[in-house]
2 protein chains.
Amino acid sequence: MSIYSDRLTAVRAELARQGLDGFIVPRADEHLGEYVPPFAERLAWLTGFTGSAGMAVVLADKAAVFTDGRYVLQLAAQTDASLWERRHITDEPAPDWIAAHAGPSARIGYDPWLTSQEALARFTDAGLAMESVGANPVDAAWTDRPPPPQHPAVPQSLDYAGRSAAEKRSDIGRMLQQAKQDAAIITDPASLAWLFNIRGGDVPFTPFALGFALIHADASAELFMDPGKLADETRRWLGNEVSVASRSALQASLERLKGRRVRVDSANSPVWFAQRLRAAGAVVVEGADPCLLPKACKNATEQQGARNAHLRDAVAVCRFLHWLASAGPTGDETEMSAASHLLGVREAVADFRGESFPAISGAGEHGAIIHYRVTEGTNRPIRANEVYLIDSGAQYRDGTTDITRTIWTGPDPAPDEIRDRATRVLKGHIAIATTVFPTGTTGAHLDAFARRALWQVGLDYDHGTGHGVGSYLSVHEGPVSLSRLARPVAIAAGMILSNEPGFYLPSQYGIRLENLLLVQTAEIAGASKPFLRFETLTLAPFDAALIAPELLDDSERGWLNAYHARVLAEVGPALPTDARDWLARCCAGL
Amino acid sequence: MSIYSDRLTAVRAELARQGLDGFIVPRADEHLGEYVPPFAERLAWLTGFTGSAGMAVVLADKAAVFTDGRYVLQLAAQTDASLWERRHITDEPAPDWIAAHAGPSARIGYDPWLTSQEALARFTDAGLAMESVGANPVDAAWTDRPPPPQHPAVPQSLDYAGRSAAEKRSDIGRMLQQAKQDAAIITDPASLAWLFNIRGGDVPFTPFALGFALIHADASAELFMDPGKLADETRRWLGNEVSVASRSALQASLERLKGRRVRVDSANSPVWFAQRLRAAGAVVVEGADPCLLPKACKNATEQQGARNAHLRDAVAVCRFLHWLASAGPTGDETEMSAASHLLGVREAVADFRGESFPAISGAGEHGAIIHYRVTEGTNRPIRANEVYLIDSGAQYRDGTTDITRTIWTGPDPAPDEIRDRATRVLKGHIAIATTVFPTGTTGAHLDAFARRALWQVGLDYDHGTGHGVGSYLSVHEGPVSLSRLARPVAIAAGMILSNEPGFYLPSQYGIRLENLLLVQTAEIAGASKPFLRFETLTLAPFDAALIAPELLDDSERGWLNAYHARVLAEVGPALPTDARDWLARCCAGL
């Protein structure tokens, strides 16, 4: 592990050169999102830790890495205890650790491109003297840092986007006018993709073209993106009201906003923007990214795209499930070979653009690890008489999918206790799928429907019930979720949400049943106010071997039979005969 | 209405004398609670408006009264439009109205005893120059103001309180020590009653002895209460560690806190305290009233007291329901006579101390008015073939009750639509009563269980599902409620909550079914973490004439039959034969 010792030493030398007593290294790029391109993997380069959430703190004589409960074991395995203290990020937050170990007047550096105003406040609230750095000390030490990604940005056709970028800009411009704001800063690449109707390939699993934008109240916009990513066709697609410049032009553009009211999302954008705007004499107005809500509410074209993508994806998923059932529990197939077979059948689907996240393929005890990702080191056979969980999704030009099914491999019947748990998860899934609710309802109000059947016997699952999903965009999309911790944003028509209750018995097995749902207006005669309902998008059978029919009430059984009949009717015709016959058996009424 | 003109003129003269351009008059006393004694009914004296929520603003040439949707009609009826603009308090908040109608540098007065820091911030955030007054201008004009209430404070025996005041003070003292706070300000009379194990009679419906207290981290306390209210026995009951002084000594006590860290509830206590403490050189630390949570979690003695009180109350309620059924829909009985008959049977119950709120007795269309309060002017007969709603409660020395039943008067069967609605309300009631949930759950997570059956057909009710209830204290007790707007405070063992879903068809009828619930630890073999459940305290039959059994599933029918069997077994033996026979018919299984 001596390379990590060398790297830490080099970063400390750079800190000394900059006159800093410490420096924080979050796992983040300049868009503060979930996926980080290799050139921005500073935390992994410095510490060896590759988890998706974490932060390092380097002081002159001490250093620590922080992560959450999901990654505690991985953190210990990947980092050198002689270099790094390993800490739980909520039990002992980084600001407290610094306050305890640095001197009272220590100057702690941060990179304003990698830190939001909200995140910075947690350090300053702890009484720390935080200092914005002009050049990141890690970058100075990281001599062979890869270049930023350079994938071309391409138009997302109106056949899939449904609304022109000019109309979207005009909607956002009107929104800014109403809020008496002159411009808004856009730093979320998903918002960029939605606003300009473009897609790219700069990060894995999500078709982002990384960049920044300024949108003005007159509906004109400035896009800051390496011009090398924009072919002539894409330039024409952006139109005359969108100027394009490289990121180096950003500061000059912000300086032109002197005296203007500029909307900045202080939780989700780098604090650099607010700092530069204030220095330029602009008025910073706190406000969520204005694209967030309109992007989440898919238009009719995007909704039809989602249906089409889900139907094509369903054919691949059903072929995969049929293959798995036919391959049988011979022990020849493994978690990796199964995931790779699924990817193979998806690659044959029209308009497939890649996976929407790394598939979670977990047999037996691995299914109980909620964010399990199989590696050569952990890969194991899928054996007879065990539970196998497969959570996967795909990107298509017309939509993003995300589905989890849980299978009993047989040939013996599943034990009663496992069927009981799986049926309770299914009851929760059905409770969400069938609920009708008034406008104004948030995900925190609905989440318990998915848990009730488990709660009644003293069980639960330690994750949210659902997340938003983009339209050929991120498989995790805000601002709405189904969770007790959901933000107070109302669920609205056109949103796509996952419905994925689960149950996990550590070291034994995991169950999760996931479909995507599309929020629709509920047409109810005599309704006293507007109501919403869910349309299920995902089409694949639930394994009858894991269902205890006596635990379902009449309406639950009715929903399941109707859902399976729909799966057979919609997916069956696109399957080869043997798979169609198998599907018909899976979809027989209970 | 010329007296109100005279009063407004007198207040304006006083404002001019004090050099103020305006003054705000909230409907509040110095405890900022729900019930206001007559001497503090400044809003009613000044404007004529007697609703339980509102505020007046007096400017030199304009004045306005604000209230919420419940009281819009009452506000219009009770106030003189030539003197007062009438405004909706959320559609056009008072701060905005002042900003629109007063000059930019207007000096707007407020009484720091009647305004919390949080409420004051809404005015200063609107850019208003708010000025604390030393003497309330309304009081100067209100020459025949009644004196403050002077009811004796009496000990609440340990047989009912369950934990000595010394132990409670010591608990709170430890809590303050852990939070590194030297003292806490107590301004809520419910906290005073709980902390010192005393009860009084200063406001209607709730056994408060009005006063203030300072509790120190060493568990000693200072009680500020008119010494005339404290007989020798009560003085002895308070013990040596509690000093007693009149309110005029309060300021000197706060000044002795110079340099100390003092906890103040900025949302629920008058801003006078924080202002005085700061002026005295104390450090004001924001924090909820430390009695709030321990008071809400009833100890074993209080829990048993609640059961006992509910059983005795149930005998009275069942006698009343039997009387109502026997009186029959002859048209001789009215909303008022029925409420008064119910009060009569309750007065015969051991340890009865009064109603816990004014009974809501609403026949037909009056049942649809959620906060209906019958008056001589609105009183009407209870007729044949209509819905009658009675929501009432009592204070007993060992507990507080609150129950709503809805009756079909007959003799014809209830229309299918009404039975459908009532059964959906019952399904919601049962869903709450039977739910099991993990610790950490809040009322916002459970509220939707009560609404689901209504939501499925496009219906809902426009109030929360439940509120906390005190132990021989306020019938509306914080900090927990069952509501989509519930504060983020977890439901905990020992809390008492109402369960009262409803349905209201305006101008037609109202349905509400309310029992009180006691939160208990759920003992579940194999549970993966701690779970809670509800024990139903209230014992009275639900009217079978309003139940459509075919809408209940097996488990709902099972709950209802078991509940009715319990009602008959527990209440039946205490009833006269004819009432017992009637109850047995009511409690026959479905």
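A, B, ... follow the sequence lines: proteins, then strands. Residue 1 opens every chain. As the structure is a prediction and not an experimental result, all values here were calculated from the model.
Ring pair Trp455(B)/Phe449(A) is perpendicular by interplanar angle, where above 60° counts as perpendicular and below 30° as parallel. Between His463(A) and Tyr461(A), the ring planes lie tilted relative to each other; the angle falls in the 30° to 60° range.
Around the CG atom of Asp96(A), the shell of radius 6.0 Å holds more than 12 heavy atoms that belong to other residues, nucleotides or ligands.
Proximity of Thr90(A) to His88(A): side-chain heavy atoms (C-beta onward) are separated by under 4.5 Å at one or more points.
Side-chain atoms of His429(A) and Glu500(A) include no donor-acceptor pair closer than 3.5 Å. One side chain, Glu514(A) or Thr404(A), offers a donor N or O that lies under 3.5 Å from an acceptor on the other.
Only the side chain of Leu446(B) comes within less than 4.5 Å of a heavy atom in chain A; its backbone stays farther off. Neither the backbone nor the side chain of Ser555(A) comes within less than 4.5 Å of any heavy atom of chain B. Looking at Phe531(A), only its side chain comes within 4.5 Å of chain B, counting heavy atoms on both sides. Neither the backbone nor the side chain of Asp447(B) comes within less than 4.5 Å of any heavy atom in chain A.
For the set Arg533(A), Arg451(A), His445(A), the entry with the most heavy-atom pairs within less than 4.5 Å of chain B is His445(A). Counting heavy-atom pairs under 4.5 Å between each of Pro488(A), Ala431(A), Gly440(A) and chain B puts Ala431(A) at the top. Chain B forms the most heavy-atom pairs under 4.5 Å with one residue out of Asp460(A), Asp553(A), Val457(A), Thr442(A), and that residue is Asp460(A). Of the residues considered (Leu454(B), Thr434(B), Leu505(B)), Thr434(B) shows the highest number of contacts with chain A, using heavy-atom pairs under 4.5 Å.
Taking 4.0 Å as the cut-off between side-chain N and carboxylate O, Asp554(B) and Arg557(B) count as a salt-bridged pair.
For the residue pair Ala414(B) and Arg419(B), the shortest heavy atom distance occurs at O-CD, 3.3 Å. Closest approach of Leu546(B) and Thr406(B) over heavy atoms only: CD1-O, 3.4 Å.
Without hydrogens or angle criteria, Thr435(A) side chain to Ile432(A) main chain gives no donor-acceptor distance under 3.5 Å.
Using a 4.5 Å cut-off between non-hydrogen atoms, the part of residues 518-526 of chain B that approaches chain A consists of Ile524(B), Gly526(B).
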